[in-house]
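Counting begins at 1 with the first residue of the sequence. Whatever order the structure lists them in is the order used to number ligands and atoms, beginning at 1. Just so it is clear, the model here is predicted, and its values are computed rather than measured.
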Amino acid sequence: MYNLTGRTALVSGGARGIGRAIIERLLAEGAKAVIGDIDAPAGEALASELGPNASFIGLDVTSESDWAAAVAHAESFGGQLDILVNNAGIAGKTIVSWETPLEEWHRVIGIDLTGTFLGCKAALPGMVEREYGRIVNIASVAGKIGNQNAVSYSSAKSGVIGLTKSIAKDVMTKGVLINCIAPAAIETEISKQVSPAHWDYIVGRVPMGRAGRVEEVAALTAWLCSDEVSFSNGATYDISGGLAHY
Ligand SMILES: NC(=O)c1ccc[n+]([C@@H]2O[C@H](COP(=O)([O-])OP(=O)(O)OC[C@H]3O[C@@H](n4cnc5c(N)ncnc54)[C@H](O)[C@@H]3O)[C@@H](O)[C@H]2O)c1
């Protein structure tokens, strides 16, 4: 267990799936946790289910003004924002690269990559000023190896890995650590957004022969959100049942 008492976290896409598991784990570690999600009914219901240390704020990660409001909400809810998890993401259509509509490319890059950039941009000034912060970006193994029929998603997640490395260099001596996670095949709603054949392809290449669980991703994230991580910045951690390529 990591002691996060006194820390305040904001998790984008925290209403369900991996984000929800991260919210629950951070609360269990003693943090206050803000669910930022575009799905207001699910986010509000979860916050009231989880009790007084949880709060919900409507957040579309593609909106810079939403991010400013979400960071302000977390700061007033918990006193300061210590932890940001950029988790919100979509898989996009399962479609061959040359038939991918430009608007689909922009939709996936906008949420998965630009949304992560905007979250970092909103949270970093306060973290740098207070000389403390932990940011975890949820990328994907797709960003390392490139998934078939998923050019927008793979490109966005490669971008998240590069963004993490770049921002880490900006904050290296400022008390802020920013790292990312590259999961593969975690059983959530997102697995239902892709075609059944594509999901079989994703799980089928996992050497452990099974999909991952949201609690497994939340455990790695909790460590990266804690003071136990102190000498890692700009790193990418695989959580992929052995599907590690570099
Ligand atoms: N499930 C997997 O196999 C897998 C593998 C690798 C990476 N990931 C990544 O993990 C993250 C979470 O995925 P998940 O499987 O839990 O998905 P999910 O679909 O279950 O949950 C995604 C959450 O993000 C929210 N969201 C979507 N668009 C948003 C927006 N514009 N603004 C704010 N919130 C928004 C949704 O409402 C939802 O609550 C994503 O970034 C995804 O790419 C998932």
Using a strict 4.0 Å cut-off to heavy atoms of [X], name the atoms of ligand 1 that fall inside it.
X      : value
Ser140 : 6 (C), 7 (C)
Tyr153 : 6 (C), 7 (C), 8 (N), 9 (C), 42 (C), 43 (O)
Trp199 : 3 (O)
Ile138 : 9 (C), 10 (O), 11 (C), 41 (O)
Gly13  : 23 (C), 24 (O), 25 (C), 39 (O)
Gly17  : 16 (O), 20 (O)

Tell me: protein heavy atom nearest [atom], and distance?
atom                    : result
atom 15 (O) of ligand 1 : Thr188 OG1, 2.4 Å
atom 19 (O) of ligand 1 : Arg16 NH2, 2.8 Å
atom 39 (O) of ligand 1 : Asp37 OD2, 2.7 Å
atom 16 (O) of ligand 1 : Ile18 N, 2.8 Å
atom 40 (C) of ligand 1 : Asn87 O, 3.1 Å
atom 17 (O) of ligand 1 : Ile190 CB, 3.5 Å
atom 33 (C) of ligand 1 : Leu59 O, 3.0 Å
atom 1 (N) of ligand 1  : Ile186 O, 2.8 Å

Measure from the side-chain N and O atoms of [X] to the backbone N and O of [Y], and report whether any donor-acceptor pair falls under 3.5 Å.
X      : Y     : answer
Thr188 : Gly17 : no
Thr114 : Thr62 : no
Glu189 : Arg16 : no
Ser48  : Glu44 : yes
Asp37  : Asp39 : yes

Salt bridge [X]-[Y], side-chain N to carboxylate O under 4.0 Å:
X      : Y      : result
Arg20  : Glu49  : yes
Arg7   : Glu29  : no
Arg210 : Glu216 : yes

Should [X] be listed as contacting ligand 1, given a heavy-atom distance under 4.0 Å as the test?
X      : result
Glu187 : no
Thr62  : no
Gly36  : no

* Ser232-Asn179 side chain donor-acceptor pair, cut-off 3.5 Å ->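 The criterion, which ignores hydrogens and geometry beyond distance, is not satisfied for Asn179 and Ser232.
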* Who gets closest to atom 6 (C) of ligand 1 by heavy atom: Pro183, Gly212, Gly115, Ala185? ->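 The residue whose heavy atom sits nearest atom 6 (C) of ligand 1 is Pro183.
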* Just how far is it from atom CG of Asp112 to atom OG of Ser154, taken to the nearest 0.5 Å? ->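 Answer for the CG-OG pair, Asp112 versus Ser154, is 10.5 Å.
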* To do: Please work out which of the three classes, parallel, tilted or perpendicular, describes the rings of His198 and Tyr201, given edges at 30° and 60°.
  =>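 If you compare the ring of Tyr201 with that of His198, the planes turn out tilted.
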